[in-house]
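One structure below.
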Amino acid sequence: MSEEEPVRWLGEDERRAWITLAKVLLTLPGALESQLLRDADLTLLGYMILARLSASPGESLRMSEIAEMANGSLPRISHAVARLEDRGWVTREVCTGQGRRFTTATLTAAGRAHLAASAPGHVATVRRLVADPLGDDFVRFGDAVARIVETLGLPTEILEPE
């Protein structure tokens, strides 16, 4: 923002909407993670990694692709994937290609089974905390939030399991 540009302050309704959204942004991830930890011994990031792998060709991704999906640093993602690997839910492999070394993570049969077992509880929590309270607005809300995702420069495509 340049010095000559005046600040476009939020109006009263916009401020109320922003504060409400900020409350959701700050509390919803913890609520989702609490359910996953309690019922599946899995963090929200871990669940999202397993889900993303399950929807990827060959159930495998480069670590850099996982980091992009999670908007996280490679060390953070590497730590999360190492925890999943310790449980036997993913394997990692160092590969070479195009003159570079990279690491891929691949979903294991045990990881696929754990994801399948934990998905119903997670989806029920998402439905209870988000989809049901929004009702008919849920899909429109998702479409609106996709514009924020795009503005942040994050991928907007949704992969479906193969």
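This chain uses plain numbering: 1 for the first residue, then up along the sequence. Scope of the values below: all heavy atoms of this structure, side chains included, with no hydrogens, waters or symmetry mates.
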Legend entry - In one Ile/Leu/Val/Met/Phe/Trp/Tyr side-chain cluster, 4.5 Å: L10, I19: yes
Legend entry - Cluster overlap V123 with L50, hydrophobic side-chain contacts below 4.5 Å: no
Legend entry - Contacts of E85 that satisfy side chain to side chain donor-acceptor pair (under 3.5 Å) - sequence neighbours left out: R92
Legend entry - Non-hydrogen atoms of A31 and L129 that approach each other most closely: CB-CD1, 3.8 Å
Legend entry - Closest non-hydrogen atom pair, L53 against A105: CD2-O, 3.4 Å
Legend entry - Residue list, salt bridge (charged side-chain N to carboxylate O under 4.0 Å, His left out) with D143, at least two apart or on another chain: none
Inset, instruction - Determine yes or no for a side-chain-to-main-chain donor-acceptor pair under 3.5 angstrom, with S54 supplying the side chain and A51 the backbone. - result: yes
Inset, instruction - Evaluate the criterion salt bridge (Lys or Arg N to Asp or Glu O under 4.0 Å) for residue pair D86 and R83; output intermediate values, then yes/no. - result: CA-CA 5 Å; D86 289 346; R83 286 193 313 264; over 6 Å; no
Legend entry - Test side-chain contact (heavy atoms from CB on, under 4.5 Å) applied to I148 - qualifying residues, sequence neighbours left out: L152
Inset, instruction - Could you list all the side chain to side chain donor-acceptor pair (under 3.5 Å) pairs where at least one residue sits in residues 32-42, not counting sequence neighbours? - result: Q35-D39, D41-R87
Inset, instruction - Only counting residues at least two apart or in another chain, list the ones meeting salt bridge (charged side-chain N to carboxylate O under 4.0 Å, His left out) with E12. - result: R16
Inset, instruction - Indicate, with yes or no, if L37 and L42 share a hydrophobic cluster defined by side-chain heavy-atom contacts under 4.5 Å among Ile, Leu, Val, Met, Phe, Trp and Tyr. - result: no
Legend entry - ring-ring contact (aromatic ring centres under 6.0 Å, His included): pairs with one or both residues in residues 6-36, sequence neighbours excluded: none
Legend entry - V145-L21 co-clustered via ILVMFWY side chain contacts under 4.5 Å: no
Inset, instruction - Quick one: pull up CD in E68 and CG in L61 and give me the separation to the nearest 0.5 Å. - result: 10.0 Å
Legend entry - Those residues that, when tested against T151, pass side-chain contact (heavy atoms from CB on, under 4.5 Å) (two or more places apart): none
Legend entry - L45 CG to R52 CZ distance, which is reported to the nearest 0.5 Å: 13.0 Å
Inset, instruction - With sequence neighbours excluded, give me every salt bridge (Lys or Arg N to Asp or Glu O under 4.0 Å) pair touching residues 118-134. - result: R127-D132
Inset, instruction - Could you tell me which residues satisfy side-chain contact (heavy atoms from CB on, under 4.5 Å) with S60, sequence neighbours excluded, listed by chain and number? - result: T104, T106
Legend entry - Closest approach of L28 to V130 (non-hydrogen atoms, all atoms of both residues): CD2-CG2, 3.8 Å
Legend entry - Closest approach of L84 to G46 (non-hydrogen atoms, all atoms of both residues): CD1-O, 4.0 Å
Legend entry - salt bridge (Lys or Arg N to Asp or Glu O under 4.0 Å) contacts in which one or both residues fall within residues 98-125, not counting sequence neighbours: E59-R112
Legend entry - Where at least one partner belongs to residues 95-149, residue pairs that pass ring-ring contact (aromatic ring centres under 6.0 Å, His included), sequence neighbours excluded: Y47-H122, W89-H114
Legend entry - Set of residues satisfying side chain to side chain donor-acceptor pair (under 3.5 Å) with respect to R62, sequence neighbours excluded: none
Inset, instruction - Give a yes or no on whether the backbone of G88 and the side-chain of T108 come within a donor-acceptor separation of less than 3.5 Å. - result: yes
Inset, instruction - Look at atom CE of M48 and say whether more than 12 heavy atoms of other residues, nucleotides or ligands are closer to it than 6.0 Å. - result: no
Legend entry - S78 side-chain N/O to L74 backbone N/O, donor-acceptor pair under 3.5 Å: no
